[in-house]
Trainee: 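Sharing a structure, written as C-alpha cells. Questions coming.
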2 protein chains.
Amino acid sequence: MGAVSHIDRSSFEPPYAQLARLLRERIASGEYRAGDRLPSEAELCGTYRVSPMTVRRAVTLLVQEEVAITEQGRGTFVKSPELGAATFDLRDLRRYLDDAGTDVRILEARIVSPSLHVCSKLAVEAGSRVIAIKRILSSDGEPVFYHSEYLVFDPMRPLVEAELGVTALQDLFSGAGGSGLKYGRLTLHASAFTEKEAAYLGEQAGTLAWVVEHLFYDFDDRPESWGRFVGRADRLTFSTTVGIPGAGEA
Amino acid sequence: MGAVSHIDRSSFEPPYAQLARLLRERIASGEYRAGDRLPSEAELCGTYRVSPMTVRRAVTLLVQEEVAITEQGRGTFVKSPELGAATFDLRDLRRYLDDAGTDVRILEARIVSPSLHVCSKLAVEAGSRVIAIKRILSSDGEPVFYHSEYLVFDPMRPLVEAELGVTALQDLFSGAGGSGLKYGRLTLHASAFTEKEAAYLGEQAGTLAWVVEHLFYDFDDRPESWGRFVGRADRLTFSTTVGIPGAGEA
DNA sequence: TAGTGGTCTAGACCACTTA
DNA sequence: AAGTGGTCTAGACCACTAG
C-alpha cells in the first residue's frame, strides 16, 4: 500500500478519464466496498493534483455507470452491482444487419388497404392507403428474421428503390432514414411464429420467437410507420453486465 | 417566431437543465431537424447569456440522450431517433417486487450437491455443496414468477432468515444485498416452461416464458451466485422509447 | 459550524475540420 | 486562418448533512 498512481499529463487518456479509471480500479480491487465513502472531491483534488472540475467530471462518470452514487452534504458512496440496473440493447439484432453474409429479400412492397389492426396502429382511416413492405433477412443463406412494416402513404414522397434493400433496414437502426421522425416507441415480447411467418422462415408454426415492434411518430405526433421483427427465440439472446464496466473481461 | 425564451435565474430548474430543455423543445418542434447543425456553443453562450461550461453541460445532456451528436471541429448535430439506440430495462419485472400485493413463497432453501450444470456455472467441484433457494413470486395471489438460485456455500456466513423473504429479492434488484460482489452478468431469452416450472406456476408445460438469468462474481472474479427468473411471457413486455425523452407523452 | 456535493463563472489552450 | 468542440484551471457561492 501507500503510493497512489499519478495522473499522467502526457498520456492520450485525458486526466478525468484516468482518474475515473483509477477509482474504478480501487473499487474493483476491493479497496472500497459497497457502501463505503470515497474520498471527498477536495481530497481527490489534492491527492491527484487536478482541479475540482476535473474531479467532478470523473465522479460524474462513475455515477453514470452506476458504480457510485453522490449524496449532497454526505459524500460519494460505492454502489453494489444490482440486477435492477441492467439494461439490454439491440446490438445482437443489429449485428445481423452489419454482417457481410447478410442479405435481405423483399417479399412484398406495395400500396395496400390496411387491416383494422394496422389502421389502429397508424391512426389512419379504414379506407386509406398505406405502403406494406415485407422482408426476409438471411444470414449465410439461412432465413433468420421476418420483418413487416407499414408506412403512411405520402404521394409527395414516392417509394424509391433505395428504401427496400439492406440499407433501408440499416437506416432504421442507425437513424439515417427518417429526418421527419420525432420519436419512436418500441416493445419486445416473446411469442410464437404464425403459420405465415413460419412458412417464410422455414420453421414450424408455434416455434418460440421474439418480436421487436416499432412505431415511429412525426413532428405532429402522428404515427408514420409501424413494423415488427420476428425471429427464432434461440437465435437471439440479450446479454448485459452490471457493476464495474469491463470487470471480469478476458 | 423571433424572441427566444430566456434562462430564468430564479427558477428551481438550474440553467444547464433549462437550456437543455429549450434546445430539446426547439428540436421537438421541428425547428431543427435530423442532420441540422445546432448553434455553436459560443453562439449559445451569447444567446442565452450563460458561460461556456453551462452550455457545454446542456449539450452533453443532449448527447447522452442520443438527441444530438457532437463532432469536433464541425459542430453539434441533431440525430434522428434510431431503433438501434433502444435499451430495455427490467422495470416491469421490478414492479412486481415493489408491488404491495406481491408475496414470495419459499419452496426450498437448503444445502445441496450441485448438478453438473450448476457446478459449471458456479465453477465449483462436483462434490462440493451449494445453497439452493427456490421461490414462487405471486401477485395478488396469482403465481407469476419462479425463481431459482444457487449460492456458493460459505460456512462463515450462515444462511439467515432475512435472506429468504421478499427483501432478499428486492436486495438482488437494488443491490443492498451483496457488498461482496464485484459485477454480474445477465441474459434474457425467450423460452418455454419445463414441466416442473409449469406445475409450480399453475401453467402448462410449453407455455411461452421469459428467462432472466443472473450470475454474480466476487472480488476474486469467482462466481458467487447463479439464478434465473422464469415467468409467463404475456405477463412481461419490455417497452422503451427512442428520440426526444418525454416527447409524445400524454 | 465544518464538510460535502451542486452549480456556475470567465476565461485558457488544444485538436480537429473546412475553406 | 477561422471556427468548432474537447479539456482544463482556480476559484466562487449555494444547499444540504452531521456533529
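A note on names: the letters A, B, ... follow the listed sequences, proteins ahead of strands, and every chain is numbered from 1.
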Trainee: Main chain of A:Asp220, side chain of A:Asp218: is a donor-acceptor contact present, judged purely on distance under 3.5 Å?
Mentor: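 Checked: pair present.
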Trainee: Examine B:Phe229 together with B:Phe173 and report whether their ring centres are nearer than 6.0 Å.
Mentor: yes
Trainee: What class does the angle between the rings of A:Trp210 and A:Phe238 fall in, given that below 30° is parallel, 30 to 60° is tilted and above 60° is perpendicular?
Mentor: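 If you compare the ring of A:Trp210 with that of A:Phe238, the planes turn out perpendicular.
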Trainee: What residues from residues 55-71 of chain B pass a heavy-atom cutoff of under 4.0 Å to DNA chain C?
Mentor: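 B:Arg57, in order of number.
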Trainee: On DNA chain D, check which nucleotide each of A:Ala17 and B:Pro39 is closest to and give me the residue with the more 5' one.
Mentor: B:Pro39
Trainee: For DNA chain D, what dot-bracket results from Watson-Crick or G-U pairs at under 3.5 Å, with [ ] for crossers and | for inter-strand partners?
Mentor: ||||||||||||||||||.
Trainee: Measure CE/B:Met53 against P/C:dA10 and give the value in whole Å, please.
Mentor: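 Going from CE in B:Met53 over to P in C:dA10 covers 13 Å.
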Trainee: Is any side-chain nitrogen or oxygen of B:Thr76 closer than 4.0 Å to OP1 or OP2 of D:dT4?
Mentor: no
Trainee: When you measure from the side-chain N and O atoms of B:Ser40 to the phosphate of D:dT4, is any distance below 4.0 Å, counting only OP1 and OP2?
Mentor: yes
Trainee: Check the distance between C:dA10's P and B:Glu41's CD and give it to me in whole angstrom.
Mentor: 17 Å
Trainee: Please name the pair of heavy atoms, one in A:Asp99 and one in A:Ser139, separated by the smallest distance, quoted to 0.1 Å.
Mentor: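 Taking A:Asp99 first and A:Ser139 second, the nearest heavy atoms are OD2-OG, 4.3 Å.
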Trainee: For A:Glu43 and C:dA2, what is the distance between atoms CD and P respectively, to the nearest whole Å?
Mentor: 18 Å
Trainee: Does B:Arg37, at its CZ atom, have more than 12 non-hydrogen atoms belonging to other residues, nucleotides or ligands within less than 6.0 Å?
Mentor: yes
Trainee: From the list D:dG11, C:dA10, C:dT7, which nucleotide is the closest neighbour of the side chain of B:Tyr16?
Mentor: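 Nearest nucleotide to the side chain: C:dT7.
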Trainee: Of all residues at least two apart in sequence or in a different chain, which pass the side chain to side chain contact (heavy atoms under 4.5 Å, CB included) check with B:Thr187?
Mentor: A:Thr237, A:Ser239, B:His189, B:Glu213
Trainee: Over how many whole Å does the gap from B:Arg37 atom CZ to D:dG5 atom C1' extend?
Mentor: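 Rounded to whole Å, this separation is 11 Å.
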Trainee: Please write out the pairs of protein N or O atoms and N or O atoms of nucleotides 14-19 of chain D separated by less than 3.5 Å, giving the distance to one decimal.
Mentor:
{"residue": "D:dA15", "atom": "N3", "partner": "A:Gln72", "partner atom": "NE2", "Å": "3.2"}
{"residue": "D:dA18", "atom": "OP1", "partner": "A:Arg74", "partner atom": "NH1", "Å": "3.4"}

Trainee: Counting heavy atoms from C-beta on, name the nucleotide in C:dG11, D:dT9, C:dT7 closest to the side chain of B:Pro52.
Mentor: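 Of C:dG11, D:dT9, C:dT7, C:dG11 is nearest to the side chain of B:Pro52.
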Trainee: Which residues pass the side chain to side chain donor-acceptor pair (under 3.5 Å) test with A:Arg95, not counting sequence neighbours?
Mentor: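 If we apply the side chain to side chain donor-acceptor pair (under 3.5 Å) test to A:Arg95, skipping adjacent residues, there are no hits.
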Trainee: For the residue pair A:Tyr183 and A:Tyr217, categorise the inter-ring angle as parallel (less than 30°), tilted (30 to 60°) or perpendicular (more than 60°).
Mentor: parallel
Trainee: Just checking, B:Arg57 and B:Tyr16: is the charged tip under 6.0 Å from the six-membered ring centre and within 45° of the axis?
Mentor: yes
Trainee: Please state how far atom CZ in B:Arg49 lies from atom P in C:dG11, giving the value in whole angstrom units.
Mentor: 12 Å
Trainee: Side chains of A:Thr241 and B:Arg185: do they bring a donor and an acceptor to under 3.5 Å?
Mentor: yes
Trainee: Measure from CZ on A:Phe12 to C1' on D:dG6 and round the result to the nearest Å.
Mentor: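 Checked: the CZ to C1' distance equals 15 Å.
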Trainee: Apply side chain to side chain donor-acceptor pair (under 3.5 Å) to B:Gln64 and list each qualifying residue two or more places apart in sequence or on a separate chain.
Mentor: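 Counting only residues at least two positions away or on another chain, B:Gln64 forms no side chain to side chain donor-acceptor pair (under 3.5 Å).
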Trainee: Heavy atoms only: give me the nearest B:Leu22-B:Ser5 pair and the separation to one decimal.
Mentor: CD2-CB, 3.6 Å
Trainee: Take the protein atom CD1 of B:Ile7 and the nucleotide atom C1' of C:dT9, then report the distance between them rounded to whole Å.
Mentor: 15 Å
